[in-house]
Participant: 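Below you will find the structure I want to go over with you.
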Amino acid sequence: QVQLVESGGGLVRPGGSLRLSCAASGFTLDGYGIGWFRQAPGKEREGVLCIDTRYGYTTYTDSVKGRFSISRDNAKNTAYLQMDSLKPEDTAVYYCAKARANYCSTRGRADSFDAWGQGTQVTVSS
């Protein structure tokens with residue numbers, strides 16, 4: 001059974017950092033792209049970043065450029081989202097998702113991903 005479990009969310013002050021983890025089971029991470037999405041209250045879910053099997057990445061949201069980075073550890077079957085210089089507008093539930101293929105879709109459409117985690121809350125507030 002394919003399963004993704006996010007962890008690492010929490011409350012952080014503006015300017016702070018968090019690292020989210022996405023532990024995968026039921027499949028081998030090295031065969032698929034992994035994406036991170038987020039959904040803020042009252043807003044639609046949006047793609048954030050995606051990493052493919054060759055460690056290339058695609059940024060779906062311009063607002064995170066230079067602040068967020070994505071990585072993967074295939075040996076641990078885990079992907080990560082490093083978030084630095086956090087802003088209140090980064091507050092959202094963050095989800096990781098398994099891509100249908102070994103690459104990342106250009107636009108981060110949700111239907112390009114076929115398995116999702118339950119999400120982890122990130123709150124940026126002073």
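The structure presented is a predicted model; accordingly, all values stated were derived computationally and were not measured.
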Participant: Name each donor-acceptor pair under 3.5 Å that joins a side chain in residues 19-34 to protein atoms two or more places apart or in another chain, with its distance.
Facilitator:
residue : atom : partner : partner atom : Å
Thr28   : OG1  : Asp30   : OD1          : 3.4

Participant: Does Asn74 reach the main-chain N or O of Asn77 with its side chain, forming a donor-acceptor pair under 3.5 Å?
Facilitator: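 A pair under 3.5 Å: no.
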Participant: So which atom in Arg13 and which in Ser126 form the shortest heavy-atom distance, rounded to 0.1 Å?
Facilitator: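 Scanning both residues, the minimum pair turns out to be NH1-O, 3.3 Å.
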Participant: What's the shortest heavy-atom distance between Ala99 and Asp114, and which atoms?
Facilitator: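 For Ala99 and Asp114, the tightest heavy-atom pair comes out as O-OD1, 3.9 Å.
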Participant: Look up atom CG in Leu81 and atom CD in Glu6, then write down how far apart they are to the nearest 0.5 Å.
Facilitator: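 Separation between the atoms: 10.5 Å.
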Participant: Any chance you could measure Gln82, atom CD, to Ile70, atom CD1, to the nearest 0.5 Å?
Facilitator: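 Going from CD on Gln82 over to CD1 on Ile70, the span is 12.0 Å.
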Participant: Within a 6.0 Å radius of atom CD on Glu89, are there more than 12 heavy atoms belonging to other residues, nucleotides or ligands?
Facilitator: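 More than 12 within 6.0 Å, yes.
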Participant: Who are the side chain to side chain contact (heavy atoms under 4.5 Å, CB included) partners of Val93, not counting sequence neighbours?
Facilitator: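 Partners of Val93 by the side chain to side chain contact (heavy atoms under 4.5 Å, CB included) criterion, ordered by chain and then number, come out as Tyr95, Gln121.
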Participant: Could you check if a side-chain atom of Arg67 sits within less than 4.5 angstrom of a side-chain atom of Met83, using non-hydrogen atoms only?
Facilitator: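 Of all side-chain heavy-atom pairs linking Met83 with Arg67, none is under 4.5 Å.
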Participant: Any side-chain to backbone donor/acceptor pair from Thr61 onto Gly47? Under 3.5 Å, distance only.
Facilitator: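 Yes; at least one donor-acceptor contact below 3.5 Å.
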Participant: Side-chain heavy atoms under 4.5 Å apart, restricted to Ile/Leu/Val/Met/Phe/Trp/Tyr: what other residues fall into the cluster of Tyr80, or is it alone?
Facilitator: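 Direct or chained contacts put Tyr80 with none.
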Participant: Once you round to the nearest 0.5 Å, how far does CZ of Arg38 lie from CG of Leu49?
Facilitator: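 Separation between the atoms: 9.5 Å.
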Participant: Nearest 0.5 Å please: distance from the CZ atom of Arg100 over to the OG atom of Ser105.
Facilitator: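 Here the rounded value is 10.5 Å.
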Participant: Which atom names give the shortest non-hydrogen contact between Val122 and Leu18, and what distance separates them?
Facilitator: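 Taking Val122 first and Leu18 second, the nearest heavy atoms are CG1-CD1, 3.9 Å.
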Participant: Would you say the ring centers of Phe68 and Trp36 fall short of 6.0 Å from each other?
Facilitator: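 Here the rings of Trp36 and Phe68 have centres that are no less than 6.0 Å from each other.
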